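Below: the structure, in structure tokens.
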Amino acid sequence: MTSDTRELLLSRIRDVPDYPEPGVLFKDITPLLADPVAFSALTDALADLCTAHGATKIVGLEARGFILAAPVAVRAGIGFVPVRKAGKLPGATLKQAYALEYGTAEIEVHAEDLSAGDRVMVIDDVLATGGTAEASLELIRRAGAEVAGVAVLMELGFLPGRARLEPALGGAPLDALITV
């Protein structure tokens, strides 16, 4: 990705102070999504990563990851598989629990959507603490598929997401287009 593309993407991410609570600086990607040039540049950059890493399927993490991953899958010419919060998918699923700051949560994927021979790229908007991404890597492997990598629009470098994901990646790449 060029520095011009990186600057375009960064210029379309709006800082919202004190949201969702006082002291938090929220990074709002909706202006980027509303700009067709920026959204297309983002889609191209993520599709290029999928191609470079030999992905045959893309997993998008609920919910903003869906918005990014679906057009990337179309652009790259590969399948899109949603990873949802537990209880949102009909049929047979694989579930994975993961720890939150206070408590636990579960994500799931349709059992038949991933299989041996698939090389799966995980796409999400933000890497923060890494819990959801780490759980998705476990789901992918439990389905018999291989992890091609993880790609995010933005990594919050002041949080431990990258360090948490390193062991779970098993050598697969973690690409952040922007680090703040």
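All of these numbers come straight from a predicted model, not from anything done at the bench.
Taking hydrophobic clusters as Ile, Leu, Val, Met, Phe, Trp and Tyr residues chained together by side-chain heavy-atom distances below 4.5 Å, Leu174 does not share a cluster with Leu177. Hydrophobic clustering (side-chain heavy atoms under 4.5 Å, transitive across Ile, Leu, Val, Met, Phe, Trp, Tyr) keeps Leu169 apart from Leu156. Each of Leu68 and Leu61 belongs to its own hydrophobic cluster when Ile, Leu, Val, Met, Phe, Trp and Tyr are linked at side-chain heavy-atom distances under 4.5 angstrom. The hydrophobic cluster containing Val147 also contains Val83, counting ILVMFWY residues as joined when their side-chain heavy atoms lie under 4.5 angstrom apart, directly or transitively. The cluster map of Ile, Leu, Val, Met, Phe, Trp and Tyr, joined by side-chain heavy atoms under 4.5 Å apart, puts Val180 and Val126 in the same cluster.
Residues Leu9 and Met1 form a side-chain contact, since some pair of their non-hydrogen atoms from C-beta on lies under 4.5 Å apart. The side-chain heavy atoms of Arg142 and Leu114, taken from C-beta on, include no pair separated by under 4.5 Å. Counting heavy atoms from C-beta outward, Met121 and Leu49 have side chains that approach closer than 4.5 Å. Between His110 and Val81, the closest side-chain pair of non-hydrogen atoms is not below 4.5 Å. Two residues are said to be in side-chain contact when any heavy atoms from C-beta on lie closer than 4.5 Å; Leu165 and Leu137 meet this criterion. Residues Val150 and Ser136 have side chains not in contact (no heavy-atom distance under 4.5 Å, counting atoms from C-beta outward). When side chains are defined from C-beta on, Arg12 does not count as touching Leu42, because their heavy atoms never get closer than 4.5 Å. Side-chain contact between Thr129 and Arg164 is present, with heavy atoms from C-beta onward closer than 4.5 Å.
Atom CZ of Phe26 sits in a crowded spot, with more than 12 heavy atoms from other residues, nucleotides or ligands closer than 6.0 Å. In Arg64, the CZ atom is not crowded: 12 or fewer heavy atoms of neighbouring residues, nucleotides or ligands sit closer than 6.0 Å.
For the pair Phe39 and Ile67, the tightest heavy-atom approach, listed with the atom from each and the gap, is CZ-O, 3.7 Å. Here the closest non-hydrogen pair linking Phe80 and Ala73 is CB-CB, 3.8 Å. Heavy atoms only, all atoms of each residue included: Cys50 and Val72 are closest at SG-CG1, 3.9 Å. Looking at every heavy atom in both residues, Ala128 comes nearest to Leu159 through O-CB, 3.6 Å. Contact detail for Thr179 and Ala176: the closest heavy-atom pair is OG1-CB, 4.1 Å. Annotation for Phe66 and Arg84: closest pair CZ-CD, 3.5 Å, computed over non-hydrogen atoms.
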Practice task
Please report the C-alpha distance between Val59 and Leu139 in whole Å, then the side-chain angles of each, then the deciding distance to 0.1 Å, and finally whether the side chain to side chain contact (heavy atoms under 4.5 Å, CB included) criterion is met.
Solution key: CA-CA 10 Å; Val59 155; Leu139 272 180; over 6 Å; no
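To the nearest 0.5 Å, atom CG of residue Leu25 and atom CG of residue Asp18 are 8.5 Å apart. We find the CG-CG distance between Leu153 and Leu46 to be 7.5 Å, quoted to the nearest 0.5 Å. Rounded to the nearest 0.5 angstrom, Thr132 OG1 and Leu127 CG are separated by 10.0 Å. Separation of atoms CD1 (Ile140) and CG (Leu94) is listed at 11.0 Å; rounding is to 0.5 Å. The distance from atom CD1 of Ile107 to atom OG1 of Thr93, rounded to the nearest 0.5 Å, is 11.0 Å. Here Ile78 contributes atom CD1 and Lys57 contributes atom NZ; the two are 10.0 Å apart, rounded to the nearest 0.5 Å.
A side-chain contact (heavy atoms from CB on, under 4.5 Å) with Met154 is found for one member of Ile29, Asp124, Leu10, Asp125 and no other, namely Ile29.
Between the Asp118 side chain and the Val120 main chain, no donor and acceptor come within less than 3.5 Å of each other. One N or O on the side chain of Ser11 and one on the backbone of Leu8 form a donor-acceptor pair closer than 3.5 Å. A donor-acceptor contact shorter than 3.5 Å links the side chain of Glu108 to the backbone of Gly87. Proximity of a side-chain donor or acceptor of Gln96 to a complementary backbone N or O of Ala135 within less than 3.5 Å is not detected.
For residues 144-161, the pairs satisfying salt bridge (charged side-chain N to carboxylate O under 4.0 Å, His left out) are Arg119-Glu146, Glu155-Arg162, with sequence neighbours left out.
With 3.5 Å as the limit, one finds no donor-acceptor pair spanning the side chains of Asp4 and Thr2.
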